[in-house]
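Below is one structure, written out as structure tokens, with a few remarks after it.
All values below come from the heavy atoms of this structure, side chains included, with hydrogens, waters and symmetry mates left out. Worth saying up front: this structure is predicted, and the values here are computed from it rather than measured. In this chain, numbering begins with 1 at the start of the sequence shown.
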Amino acid sequence: TVFRGLNLIAGAVGKIPLKIHRYTDDGSEDATALPTYRLLLKKPHPFHTAYVFKHTLVSNALIYGNSFAYINRNNFGTPSDLMLLDNRSTHVDYHNNQLIYKTTIGNTQFVFPYSDVLHLKGLSLNGIIGVPLLDVLSNAYGYGLAVHRYSTQFFRNNCKPSIVIELAPHYKDPEKIKEFRRLWTEQHNQTNAHAPAFLTSGNKVVPYSNTNDQSQLIESLEHDIIIVANALGVPASKLGSKQNTSYSSLESESTAFLQDIDCWLVQIEQEFEDK
């Protein structure tokens, strides 16, 4: 569910073209003459297309709370390429009242000024660094894992026993009960699955009734999807939930989804314009 949600948001953002515009007397036009125009629209880095670059940038910001890309500039100060940095080895720090970025590439540590690093943030409590999604979902994950363990055991055991054998009152000796279980299992193992059942006097077979709905398994799994959808800010129906959508059509739901991810588009636009 989390993987689907991440790919949904990052994929939607990655598909939207990032263009540089020049204001004119008649409004604005594409600034195709600028060297950074193709850099942002087509090829930010020799190893990445624009889609892959934006998809990775947003994915990392969602998962880790932060994503970073180094702006490599030529001798004239013009950006020549944008290099994605490893989130796990990149950190924000202060030096002389200035924000700087420290990162390790290979075995070498680098220090970059604030103006040379694109930094997208997830939910932030101080405006400097974002909170990892895994931290936000930690309690939900614990709940979901418990449900997963239960459902795995539930289905491994064929969901339910098909029958219950009610023993006669005189079966009080644990050894007699154990012997009865052994004989029954031996008689009705896989090789004798269709053999007729014989019961001693006073014992009877009762059908066992218990459904997934009664054990609230399906509702629990559905609840897990809704928790993740709320944390990511996407409609639960897009993550596989069977919950009835409040939207009148698929088109209106898609429009609402674009409004939900608009915060990422605004952040990208402002961060790229700033740096």
| task | Tell me, with the steps shown, if Asp116 and Arg73 meet salt bridge (charged side-chain N to carboxylate O under 4.0 Å, His left out). | result | CA-CA 8 Å; Asp116 283 347; Arg73 305 179 190 273; 2.7 Å; yes

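- With a 4.5 Å cut-off on side-chain heavy atoms, Asp260 and Val234 do not count as touching.
- Enclosure of atom NE2 in His21 by more than 12 non-hydrogen atoms of other residues, nucleotides or ligands within 6.0 angstrom is indicated.
- The shortest distance between side-chain heavy atoms of Arg4 and Val2 does not fall below 4.5 Å.
- Taken together through direct or relayed side-chain contacts under 4.5 Å among Ile, Leu, Val, Met, Phe, Trp and Tyr, Phe47 and Leu85 form parts of separate hydrophobic clusters.
- Contact annotation: the side chain of Leu232 approaches that of Val228 to within less than 4.5 Å [non-hydrogen atoms, C-beta and beyond].
- Taking OG of Ser80 as the start and CG of Leu39 as the end, the distance is 7.5 Å to the nearest 0.5 Å.
- Scanning for side chain to side chain contact (heavy atoms under 4.5 Å, CB included) contacts around Ser115 gives Pro113, with sequence neighbours left out.
- With hydrogens and angles ignored, the 3.5 Å screen pairs no side-chain donor or acceptor of Thr78 with any backbone N or O of Asn74.
- For Phe3, the side chain to side chain contact (heavy atoms under 4.5 Å, CB included) criterion is met by no residue, not counting sequence neighbours.
- Leu8 and Ile16 fall within a single hydrophobic cluster, where Ile, Leu, Val, Met, Phe, Trp and Tyr are joined by side-chain heavy atoms under 4.5 Å apart, directly or via other members.
- Counted by atom type alone, His119 and Tyr101 present one or more donor-acceptor pairs between their side chains at under 3.5 Å.
- Counting side-chain heavy-atom gaps under 4.5 Å among Ile, Leu, Val, Met, Phe, Trp and Tyr, Leu123 is found in no cluster with other residues.
- Checked by atom type and distance alone, the side chain of Asn7 never pairs as donor or acceptor with a backbone atom of Ala10 at under 3.5 Å.
- Heavy-atom minimum distance, Gly106 versus Thr104: O-CG2, 3.5 Å.
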| task | Could you walk me through whether Leu62 and Ser59 pass the side-chain contact (heavy atoms from CB on, under 4.5 Å) test, one step at a time? | result | CA-CA 5 Å; Leu62 283 164; Ser59 296; 5.7 Å; no

| request: Decide side-chain contact (heavy atoms from CB on, under 4.5 Å) for Asn60 and Asn66; before the verdict, give the C-alpha distance in whole Å, the side-chain angles of both, and the deciding distance to 0.1 Å. | output: CA-CA 6 Å; Asn60 284 335; Asn66 303 274; over 6 Å; no

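- Atom NE2 in His91 sits 10.5 Å away from atom CD1 in Ile129 (nearest 0.5 Å).
- Residues satisfying the side chain to side chain contact (heavy atoms under 4.5 Å, CB included) test with Glu175, not counting sequence neighbours, are Asp173, Lys178.
- Tyr114 is listed as a side-chain neighbour of Asp274, based on a closest heavy-atom distance under 4.5 Å.
- Sparse packing is recorded around CD of Glu269, with 12 or fewer heavy atoms of other residues, nucleotides or ligands lying under 6.0 Å away.
- Among residue pairs with one or both ends in residues 31-42, those qualifying as side-chain hydrogen bond (donor to acceptor under 3.5 Å, both in side chains) are Asp30-Tyr37; sequence neighbours excluded.
- The shortest heavy-atom contact between Ala229 and Pro235 is CB-C, 4.3 Å.
- Side-chain atoms of Leu18 and Leu41, non-hydrogen and from C-beta on, never get closer than 4.5 Å to each other.
- The only option from Val58, Asn87, Leu6 that meets the side-chain contact (heavy atoms from CB on, under 4.5 Å) definition with Ile63 turns out to be Leu6.
- Applying the side chain to side chain contact (heavy atoms under 4.5 Å, CB included) test to Thr24 and every residue at least two apart in sequence or in another chain returns Asp26, Glu29.
- Residues satisfying the side chain to side chain donor-acceptor pair (under 3.5 Å) test with Tyr64, not counting sequence neighbours, are none.
- With sequence neighbours excluded, the residues that form a side chain to side chain donor-acceptor pair (under 3.5 Å) with Lys102 are Asp93.
- Each of Ile100 and Ile105 belongs to its own hydrophobic cluster when Ile, Leu, Val, Met, Phe, Trp and Tyr are linked at side-chain heavy-atom distances under 4.5 angstrom.
- Summarising the geometry, atom CD1 belonging to Ile268 is positioned 6.5 Å from atom CG belonging to Leu57; distances are rounded to the nearest 0.5 Å.
- Interatomic distance, Ser28 OG to Ile20 CD1, rounded to the nearest 0.5 Å: 13.0 Å.
- When the ring pair (Phe, Tyr, Trp, His ring centres under 6.0 Å) test is applied to Phe53, no partner is found at least two apart in sequence or on another chain.
- Remark: Arg88 CZ is loosely packed, at most 12 non-hydrogen atoms of other residues, nucleotides or ligands lying under 6.0 Å away.
- Within the 4.5 Å cutoff, no side-chain heavy atoms of His48 are placed close to those of Thr56.
- Between atom CH2 of residue Trp264 and atom NZ of residue Lys54 there is a gap of 15.0 Å, rounded to the nearest 0.5 Å.
- Scanning for side chain to side chain donor-acceptor pair (under 3.5 Å) contacts around Thr103 gives Thr90, with sequence neighbours left out.
- If you chain together hydrophobic residues whose side chains sit under 4.5 Å apart, Leu82 and Leu265 fall into the same group.
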| field | Derivation of the side-chain contact (heavy atoms from CB on, under 4.5 Å) call for Ile71 and Val117 | value | CA-CA 6 Å; Ile71 306 172; Val117 176; over 6 Å; no

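- Nearest heavy-atom pair across Asp81 and His45 is OD1-CD2, 3.6 Å.
- Looking at residues two or more places apart in sequence or on another chain, you find a ring pair (Phe, Tyr, Trp, His ring centres under 6.0 Å) between His55 and Tyr51.
- Asn230 pairs by the side chain to side chain donor-acceptor pair (under 3.5 Å) definition with nothing, not counting sequence neighbours.
- Judged by distance alone, with hydrogens and angles left aside, the side-chain atoms of Asn96 form no donor-acceptor pair with the main-chain N or O of Gln98 at under 3.5 Å.
- Around atom CZ of Phe110, more than 12 heavy atoms belonging to other residues, nucleotides or ligands sit under 6.0 Å away.
- By the rule that hydrophobic residues join a cluster once side-chain heavy atoms approach within less than 4.5 Å of another member, Leu120 and Tyr70 end up as members of separate clusters.
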